[in-house]
Structure formats: C-alpha cells, structure tokens
Novice: 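Have a look at this one.
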Amino acid sequence: LYSFSRNMAEAQATFQAALGRIGFSQAAQAAVTAQGFVNVALLGLVTADQIKQVCKLIREDANNPVPINMLQQQMLLAFRFWVVSRQRLGLAVDANEFTAITAFEQSQLMVRLQEDEAVADKETVAKMPDKFKQSSQWRVFDEMIETYLGQLKGSGRVALNYVICKLAVPVPGTIYETDAEQAVAIAPLVGEQFNRDNNKVYGNLKQLCLKGPGRSYILEFDRTKDGCGAWLAMYTHFEGESYRNRAKLEAYATLTNIHYDGE
C-alpha cells in the first residue's frame with residue numbers, strides 16, 4: 001500500500017512538473033489536479049472540449065478562482081493531444097518527456113490537423129478502386145488499395161492503410177519523413193480502435209473482391225470481419241513464389257502460341 005501511494009504521489013508530482021514547464025503556476029497545477037487529473041494518462045480520458053470546460057471551471061471558481069489564460073489553455077490542449085496520440089499508437093506516456101518545446105510543436109501540429117480536416121470535409125470523397133476481377137490485375141490492385149485506404153482516416157485519425165501494413169512490428173531505427181508515415185508504421189494492430197478500423201477495411205475489401213479471384217480469401221474471414229487477415233491471405237497468395245512461377249509459365253505459353261502471319 002505504501003509503495004502504491006508513493007507511486008501515485010510520484011506520478012502526480014511529475015505531471016504537475018510538466019504543467020509547470022508549460023506555464024502553469026503552482027496554484028493552477030493544484031487546481032488542475034483537484035479536478036481529478038492526478039497523473040498524465042488521465043488526460044487521455046477526456047475530450048478537448050472537456051479540457052476547455054476544466055479551465056473555465058478553474059477560472060470561474062466562486063471560492064478560489066485561479067487565472068488560466070488562453071495560451072496556457074492551448075498548452076494544456078496540446079498536452080492532451082500528445083497524450084492521446086501516444087496512447088492511440090501504443091507508445092509509453094511519460095510526463096517527464098513533455099517540455100515547453102514539445103507543447104509548442106504539438107500545438108502547431110494540432111492546429112494543422114484541424115485545418116486539414118476542415119479542408120478535407122469540403123473535398124470530394126476518395127474514389128474507390130475498380131473491382132479486382134482478374135489475377136493479372138493484382139499488382140495494380142495492390143497499389144490502388146494502398147492509395148485508397150491512405151486517403152481514409154481511421155478512428156484514431158491514422159490513415160486506414162495501417163490495417164494492411166505488411167510489417168506488424170516496424171523496423172527499429174527507421175526514419176520517417178512525416179508524422180503521418182510514422183503513425184501508419186507504428187499504429188498497433190490490436191485494441192478497440194484497430195478492431196473498428198479492421199472491420200471497416202474488411203467491408204471495403206469484400207465489396208471489391210467478392211466477384212473475382214480474391215473471393216475465397218475474403219470469405220474465409222467473413223465471420224470475424226478481419227480485413228487485416230483477409231488482405232494478408234490475398235497478399236501471401238498473389239505474391240507467393242508458386243503463384244508467380246505459374247503466372248510466368250502461363251505468360252510463356254501465351255507467347256509461344258502467338259504466330260506472326262505478316263509478310
């Protein structure tokens with residue numbers, strides 16, 4: 001019990017220290033924890049609007065109002081955004097890693113994403129690829145599915161092509177060019193959010209593959225609606241050595257049967 005209490009106290013202390021690094025006075029730190037946020041992970045349980053409501057409650061407290069200005073509120077929103085992003089990707093959340101620089105970077109990223117989403121809402125919906133009807137279309141279909149799912153956002157605001165990621169565990173030390181690319185590479189293939197996205201991807205694949213050579217691989221996963229499993233089964237077959245060798249033999253046979261009748 002003593003060890004548990006000490007760990008709780010340490011978690012609260014590191015959280016309050018992080019609040020101090022983004023401009024919160026000791027009184028403001030105490031007021032935030034008094035609202036129930038006794039460790040950093042709890043920021044991931046509330047929405048951005050609820051964070052704004054917390055700040056308003058603290059500012060307008062009838063007995064002990066504590067000033068929290070708009071910039072501090074924005075930094076707290078960035079703190080929550082950082083926590084939620086890491087939790088969605090299955091990364092550790094350590095308040096000691098959240099600095100003023102991190103807060104500014106996350107705030108800018110948060111604003112950019114909000115602006116991008118506002119623009120995306122006004123743009124046309126991504127065009128679904130042509131149906132997969134012939135085995136010879138596999139390579140093109142593979143690329144089209146990757147592009148199509150990359151334009152759709154999953155429940156964690158990560159592009160849906162993470163569901164058909166060919167590496168369940170990213171290669172250590174990989175350097176990613178964008179935050180979006182990294183999010184796709186490291187998004188966990190487990191959990192409630194993945195399950196929702198996985199079902200959504202299965203629905204798309206079934207619609208595109210039901211009347212073609214991918215039918216048997218898709219229907220094998222119909223009960224579980226496992227888009228990741230269905231895609232992996234198709235990919236393993238059409239990229240497998242036996243299928244490629246057979247395709248080569250068929251191509252050679254076709255060439256052999258072509259006769260030139262010209263002069």
Side-chain angles (χ1 to χ4, degrees), residues 41 44-45 47 84-93 117 120-121 123-172 174 176 180-250:
L45 298 179
T47 66
V84 170
S85 297
R86 294 185 70 83
Q87 288 176 338
R88 283 173 174 168
L89 296 174
L91 301 175
V93 179
E117 289 176 8
D121 289 341
E123 294 178 346
T124 57
V125 178
K127 183 180 181 297
M128 183 172 281
D130 293 333
K131 293 184 177 181
F132 181 42
K133 295 182 177 180
Q134 297 180 8
S135 299
S136 59
Q137 300 172 332
W138 165 253
R139 288 294 175 87
V140 174
F141 182 69
D142 180 19
E143 294 179 4
M144 291 175 67
I145 281 291
E146 182 79 29
T147 300
Y148 174 64
L149 295 179
Q151 296 174 354
L152 304 178
K153 296 298 182 183
S155 55
R157 303 307 300 166
V158 178
L160 272 179
N161 58 335
Y162 87 89
V163 171
I164 61 170
C165 186
K166 299 173 182 67
L167 293 176
V169 179
V171 178
T174 301
Y176 302 99
E181 181 186 3
Q182 181 181 21
V184 168
I186 68 176
L189 303 182
V190 294
E192 183 180 346
Q193 291 179 338
F194 167 73
N195 291 338
R196 288 197 297 268
D197 293 340
N198 196 27
N199 291 347
K200 186 184 299 183
V201 168
Y202 178 81
N204 286 327
L205 291 177
K206 183 176 180 180
Q207 184 175 352
L208 293 170
C209 302
L210 194 58
K211 297 182 179 180
R215 175 185 173 86
S216 60
Y217 304 100
I218 292 296
L219 291 183
E220 180 182 349
F221 298 89
D222 194 55
R223 183 179 62 81
T224 57
K225 303 294 184 292
D226 181 3
C228 180
W231 182 256
L232 183 60
M234 288 180 61
Y235 185 86
T236 300
H237 172 72
F238 290 108
E239 291 291 334
E241 185 175 353
S242 61
Y243 174 80
R244 285 182 294 176
N245 288 339
R246 186 167 68 253
K248 287 180 182 178
L249 291 175
E250 291 174 354

Novice: Measure the spacing between CG of Asp226 and CH2 of Trp231 and express it to the nearest 0.5 Å.
Specialist: 14.0 Å
Novice: Between Asp197 and Tyr162, is a side chain to side chain donor-acceptor pair (under 3.5 Å) present by the stated rule, with each step listed?
Specialist: CA-CA 9 Å; Asp197 293 340; Tyr162 87 89; 2.7 Å; yes
Novice: From Ile186 CD1 over to Glu181 CD, what is the distance, rounded to the nearest 0.5 angstrom?
Specialist: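 One finds 11.0 Å between CD1 of Ile186 and CD of Glu181.
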Novice: Output yes when a side-chain donor or acceptor of Asn198 lies under 3.5 Å from a complementary backbone atom of Cys228, and no otherwise.
Specialist: yes
Novice: Who pairs with Phe132 by ring-ring contact (aromatic ring centres under 6.0 Å, His included), at least two apart in sequence or on another chain?
Specialist: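 Expected list: Trp138, Phe141, Phe238.
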Novice: In the structure I gave you, are the side-chain heavy atoms of Val163 and Leu189 within less than 4.5 Å of one another anywhere?
Specialist: no
Novice: Kindly compute the distance separating CD1 (Ile145) from CG (Leu205), expressed to the nearest 0.5 Å.
Specialist: 5.5 Å
Novice: Please check if the side chain of Gln137 supplies one atom and the backbone of Gln134 the other of a donor-acceptor pair under 3.5 Å.
Specialist: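 Side chain of Gln137 to backbone of Gln134: a pair is present.
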Novice: Using a 3.5 Å distance criterion without hydrogens, assess whether the side chain of Lys206 forms a donor-acceptor pair with backbone atoms of Gly203.
Specialist: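 Not at all, since once roles are kept as given, no pair shorter than 3.5 Å links the two residues.
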Novice: Check Lys127 against Tyr148 and note the closest heavy-atom contact, atom names and distance.
Specialist: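 Answer, listing the atom of Lys127 first, then Tyr148: O-CD1, 3.3 Å.
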Novice: For a side-chain contact (heavy atoms from CB on, under 4.5 Å) check, start with the C-alpha distance between Arg196 and Lys200, then their side-chain angles and the critical distance, and finish with the verdict.
Specialist: CA-CA 6 Å; Arg196 288 197 297 268; Lys200 186 184 299 183; over 6 Å; no
Novice: Enter the distance from Asn195:CG to Lys225:NZ here, rounded to the nearest 0.5 Å.
Specialist: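 With rounding to 0.5 Å, CG (Asn195) is 13.5 Å from NZ (Lys225).
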Novice: Would you give me the side-chain donor-acceptor pairs under 3.5 Å for residues 207-221, sequence neighbours excluded?
Specialist:
{"from": "Arg215", "atom 1": "NH1", "to": "Leu210", "atom 2": "O", "distance (Å)": "3.3"}
{"from": "Tyr217", "atom 1": "OH", "to": "His237", "atom 2": "ND1", "distance (Å)": "2.9"}
{"from": "Tyr217", "atom 1": "OH", "to": "His237", "atom 2": "NE2", "distance (Å)": "3.2"}

Novice: Please answer whether the main-chain N or O of Leu91 pairs with a side-chain N or O of Arg86 as donor and acceptor at a distance below 3.5 Å.
Specialist: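 No: the side chain of Arg86 does not pair with the backbone of Leu91.
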Novice: Could you tell me which non-hydrogen atom of Val184 sits nearest to which non-hydrogen atom of Ala159, and how far apart they are?
Specialist: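 The answer is CG2-CB, 3.9 Å.
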Novice: Which distance, rounded to the nearest 0.5 Å, do you find between the CG of Leu160 and the CG of Asn204?
Specialist: 7.5 Å
Novice: Checking Ala41 now: which residues fulfil side chain to side chain contact (heavy atoms under 4.5 Å, CB included) with it, not counting sequence neighbours?
Specialist: Asn39, Gln87
Novice: Any carboxylate oxygen within less than 4.0 angstrom of a Lys/Arg side-chain nitrogen, looking at Arg139 and Glu143?
Specialist: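 Salt bridge absent between Arg139 and Glu143.
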Novice: Are side-chain N/O atoms of Tyr202 and Asp222 paired as donor and acceptor at under 3.5 Å?
Specialist: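 Result is yes, a qualifying pair exists.
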